[in-house]
Amino acid sequence: MSHENTPDWDALAERLRPFVRTRVASRADADDVLQEALLKMHRGLAKLADRDRLPAWGYRVAQSAISEHFRASARHPVRQAPDDQADAD
């Protein structure tokens, strides 16, 4: 396998990280979303006809991963433990 067509995943991650971080409040959640986007890109790379479009495609995949993160959060909201609720009062 030739390495000249292998994307620089680290550089792509650094390029996408600020995009994701400005849209996902929690740093840990943003890292998870970015990791999911990179995984989807890696799995779908063979379907990308024009490798020059990789960065643009990366933003699209990242936006999709962000949207899925918020849909999942809406389906499974985090609930406070009873002890946490008492402290809030």
Side-chain angles (χ1 to χ4, degrees):
M1 181 175 156
S2 171
H3 291 287
E4 70 184 54
N5 287 333
T6 302
D8 184 346
W9 294 108
D10 290 333
L12 188 57
E14 289 309 309
R15 193 169 178 177
L16 293 173
R17 182 169 279 112
F19 176 78
V20 175
R21 279 288 294 135
T22 60
R23 289 157 177 81
V24 178
S26 161
R27 183 176 298 271
D29 287 347
D31 287 344
D32 290 345
V33 169
L34 179 60
Q35 182 177 13
E36 185 63 30
L38 291 168
L39 181 60
K40 287 179 181 182
M41 291 175 66
H42 186 268
R43 289 178 176 161
L45 191 60
K47 298 174 189 171
L48 183 63
D50 183 0
R51 293 286 175 99
D52 291 336
R53 303 284 305 153
L54 183 64
W57 181 57
Y59 283 101
R60 227 173 327 132
V61 173
Q63 183 59 56
S64 176
I66 292 165
S67 296
E68 178 55 34
H69 165 74
F70 286 117
R71 280 193 296 272
S73 295
R75 284 192 302 266
H76 306 288
V78 177
R79 296 193 179 142
Q80 286 185 323
D83 291 338
D84 292 342
Q85 289 175 350
D87 292 340
D89 292 335

Counting only heavy atoms not in [X], do more than 12 sit closer than 6.0 Å to its [atom1] atom?
X	atom1	answer
Arg51	CZ	yes
Arg71	CZ	yes
Glu68	CD	yes

Could you pull out the closest heavy-atom pair between [X] and [Y], with the gap in Å?
X	Y	value
Arg21	Ser26	NH1-C, 3.6 Å
Ala13	Leu38	CB-CD1, 3.7 Å
Arg23	Phe70	O-CZ, 3.3 Å
Val33	Ala62	CG1-O, 4.5 Å
Pro7	Leu45	CG-CD2, 3.5 Å

Within the structure provided, determine whether Asp8 and Asp10 are in side-chain contact (heavy-atom separation under 4.5 Å).
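Yes, at least one pair of side-chain atoms sits under 4.5 Å.
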
pair Met41-Leu16: side-chain heavy atoms closer than 4.5 Å
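They are in contact (side-chain heavy atoms under 4.5 Å apart), so the answer is yes.
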
To the nearest 0.5 Å, what is the distance between CG on Asp29 and NE2 on His69?
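Reported to 0.5 Å precision, the distance equals 4.5 Å.
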
Is Arg17 close enough and on-axis enough to Phe19, meaning under 6.0 Å and within 45°, for cation-pi?
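Negative - Arg17 is either too far from the ring of Phe19 or too far off its axis.
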
Grouping I, L, V, M, F, W and Y whenever their side-chain heavy atoms are under 4.5 Å apart, do Ile66 and Leu39 come out in a common cluster?
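No; Leu39 is not reachable from Ile66 via cluster members.
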
Donor-acceptor pair, Ser64 side chain versus Arg60 backbone, under 3.5 Å?
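Checking the backbone N and O of Arg60 against the side chain of Ser64, no donor-acceptor pair under 3.5 Å is found.
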
